Amino acid sequence: MFEIASVSALEILDSRSRPTLQVTVTLADGTTADAGVPSGASTGTREAVELRDGDTDRYGGLGVRTARDHVDGEISAALQGRSWSSLADVDEALRALDGTPAKARLGANSIIGTSMALARALAVSARTPLYASLPGVGRSPRLPVPCFNVLNGGVHAPNPLDFQEFMISPLGAPSLAEAVRAGAEVYAALRRRLADGGHTTGLGDEGGFAPDLAEPTDVLRLIVDAITDAGYTPGTDGVAIALDPASSEFQQADGTYSVNGRPYSSDDMIALYTQLVDDFPVWSIEDGLSESDRAGWQRLTAALGERIQLVGDDIFCTNPAIIREAIGDGIGNAALIKVNQIGTVTETLAAMRVCHEAGYAQMVSHRSGETPDTFIADLAVATGCGQIKTGAPARGERVAKYNRLIRIEAETGLPYGLR
Ligand code: PGA
Ligand code: ZN
């Protein structure tokens, strides 16, 4: 049993220079811990609601003072002065206090910040690392395969590339530390390839390069070359490639997808992905089709689900009920897991449990707007899901998560790799 003395919040900046919340929880035993709230740009329509002020005199309407005031006021008042038995207990109370299906009243940003900070405070109070204190999902902990987003497009970069994320996954690395080394070495080799090819080496929102390339196959060829340059084997024995086209963002009003100016039907997209999987070491594709294209997703899963991982992000929104329904419909075989899509740590764990029980893989994920908070590194380890994506091996807010995983590996010697 524990008691909460206070909860408070600050309006701080995220990595994209937009306001977000830093929430601090103080327990009655004096323990204090805080959490930085992540924020997405290519969001699913059924995500929990991020409360923004809409006051265009401040931060173009993106301020979070209303959400901050909800933490300082209603949330703090509701959580003080009684004893609680668990994080789940408090998360359920936060959900009930909000009272709306998508946490629209108090804001998912207020609620997830409180939930994360509380989880951390409970770990500190118990003198336990966060990864050892978080409730698991019935699997032993392990170090996840990092999926480094080395080349950015879509809404994360001002280049003409429609696909949002080109990631490298050191599946064949012997340890997390060696996986990080592979990520950084391939990233450096890719920078050289781009510079030699006369491309800019400026970065997108998640720290990957954002050159003026428009054709996905051109990017894939460069990445395979960079993997080889760095001395690794392209493929699942060495360094493989994961894609997040984030296709909801380039689906047109008539339902077709626009890739480098060409219109593609859902079946054309499935044929394109099949070709990419044939020609390149692509082991995972996230949001290959849009969140509204359920029939397309079913055909995509039938066509490629035995060969590669098909991850649902926008279409699942880390929502246990939505994932359960999609599993019944034969959509995808893995879920992206983002804590702020659902709004409490407990519901995030529930979503992972639903996946685990159905044999769906899980990839824990950052958002494109981040803080140096490393919560998701501990979450990935605690749940033993075996996969994390948290951007390039560059930029402080991305590297903080990978460095946290290095520390956990050094402390625990836990096994590394996919489940
Ligand atoms: P977001 O992008 O954080 O901008 O939503 C990440 C993703 O689509 O996986
Ligand atoms: Zn995504």
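Each ligand, and each atom within it, is numbered from 1 in the order the structure gives. Bear in mind that the values here come from a model prediction, so they are computed numbers and not experimental data.
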>> Under the criterion side chain to side chain donor-acceptor pair (under 3.5 Å), I'd like the reasoning laid out for Arg262 against Tyr264: C-alpha separation, chi angles, the key distance, then a yes or no.
In response: CA-CA 6 Å; Arg262 297 181 300 264; Tyr264 286 74; 3.1 Å; yes
> Picking from Phe166, Phe209, Phe148, what satisfies ring-ring contact (aromatic ring centres under 6.0 Å, His included) with Tyr187?
Replying inline: Phe209
> Can you tell me how far the CG atom of Leu414 sits from the CG atom of Leu405, to the nearest 0.5 Å?
Replying inline: 11.0 Å
>> Please enumerate all residues that pass side-chain hydrogen bond (donor to acceptor under 3.5 Å, both in side chains) together with Asn403, with sequence neighbours excluded.
In response: none
> Taking His70 as the fixed residue, which of Thr114, Ile111, Leu97, Leu106 is the one that meets the side-chain contact (heavy atoms from CB on, under 4.5 Å) rule?
Replying inline: Leu106
> For ligand 1, which atoms, with element, lie under 4.0 Å from some heavy atom of Leu336?
Replying inline: 9 (O)
> Going through the distances and angles, do Ser266 and Asp293 end up as a side chain to side chain donor-acceptor pair (under 3.5 Å)?
Replying inline: CA-CA 8 Å; Ser266 304; Asp293 191 356; 2.5 Å; yes
>> Evaluate His156 for polar contact with ligand 1, using N/O atom pairs at a separation under 3.5 Å.
In response: yes
> Pick one: which of Thr45, Leu289, Asp287, Thr43 meets side-chain contact (heavy atoms from CB on, under 4.5 Å) with Asp314?
Replying inline: Asp287
> Starting from atom 7 (C) of ligand 1, which protein heavy atom do you reach first, and at what distance in Å?
Replying inline: Lys338 NZ, 3.1 Å
> At what distance is the nearest protein heavy atom to atom 8 (O) of ligand 1, and which residue and atom is it?
Replying inline: Gln164 NE2, 2.9 Å
> Which ligand 1 atoms does Gly40 reach within 4.0 Å, using its non-hydrogen atoms?
Replying inline: 1 (P), 3 (O), 4 (O), 5 (O)
> By number and element, which atoms of ligand 1 are closer than 4.0 Å to a non-hydrogen atom of Asp244?
Replying inline: 7 (C), 8 (O), 9 (O)
> Should the heavy atoms of other residues, nucleotides or ligands under 6.0 Å from CZ of Arg221 be counted, would the total exceed 12?
Replying inline: yes
> Is Asp205 touching ligand 1 with its side chain, its backbone, both, or neither, if touching means heavy atoms under 4.0 Å apart?
Replying inline: neither
> Which atoms from ligand 1 have a heavy atom of Asp313 less than 4.0 Å away?
Replying inline: 7 (C), 8 (O), 9 (O)
>> Below the 3.5 angstrom mark, is there an N/O of Ala41, backbone or side chain, next to an N/O of ligand 1?
In response: yes
> Just by modelled atom types, is the Phe250 backbone N or O under 3.5 Å from a matching donor or acceptor in the Gln252 side chain?
Replying inline: yes
> Does the side chain of Thr318 come under 3.5 Å of the side chain of Thr348 through a donor N or O and an acceptor N or O?
Replying inline: no
> Is the closest N or O pair between Ser39 and ligand 1 shorter than 3.5 Å?
Replying inline: no
> Can you list the ligand 1 atoms lying under 4.0 Å from a non-hydrogen atom of Glu165?
Replying inline: 6 (C), 7 (C), 8 (O), 9 (O)
>> Under 4.0 Å, counting heavy atoms only: does Ser42 come that close to any atom of ligand 1?
In response: yes
> Nearest to atom 5 (O) of ligand 1, what protein heavy atom do you find, and at what distance?
Replying inline: Arg367 NH2, 2.7 Å
>> Keeping to distances under 2.8 Å, can you name the protein N/O/S atoms close to the Zn ion (ligand 2)?
In response: Asp244 OD2, Glu286 OE2, Asp313 OD2
> ligand 1 versus His366, non-hydrogen atoms closer than 4.0 Å: side chain, backbone, both, neither?
Replying inline: neither
> Quick one: which ligand 1 atoms are inside 4.0 Å of a heavy atom on Glu286?
Replying inline: 9 (O)
>> Quick test: of every protein heavy atom, which one is nearest to atom 9 (O) of ligand 1, and how far off is it to 0.1 Å?
In response: Lys389 NZ, 2.6 Å
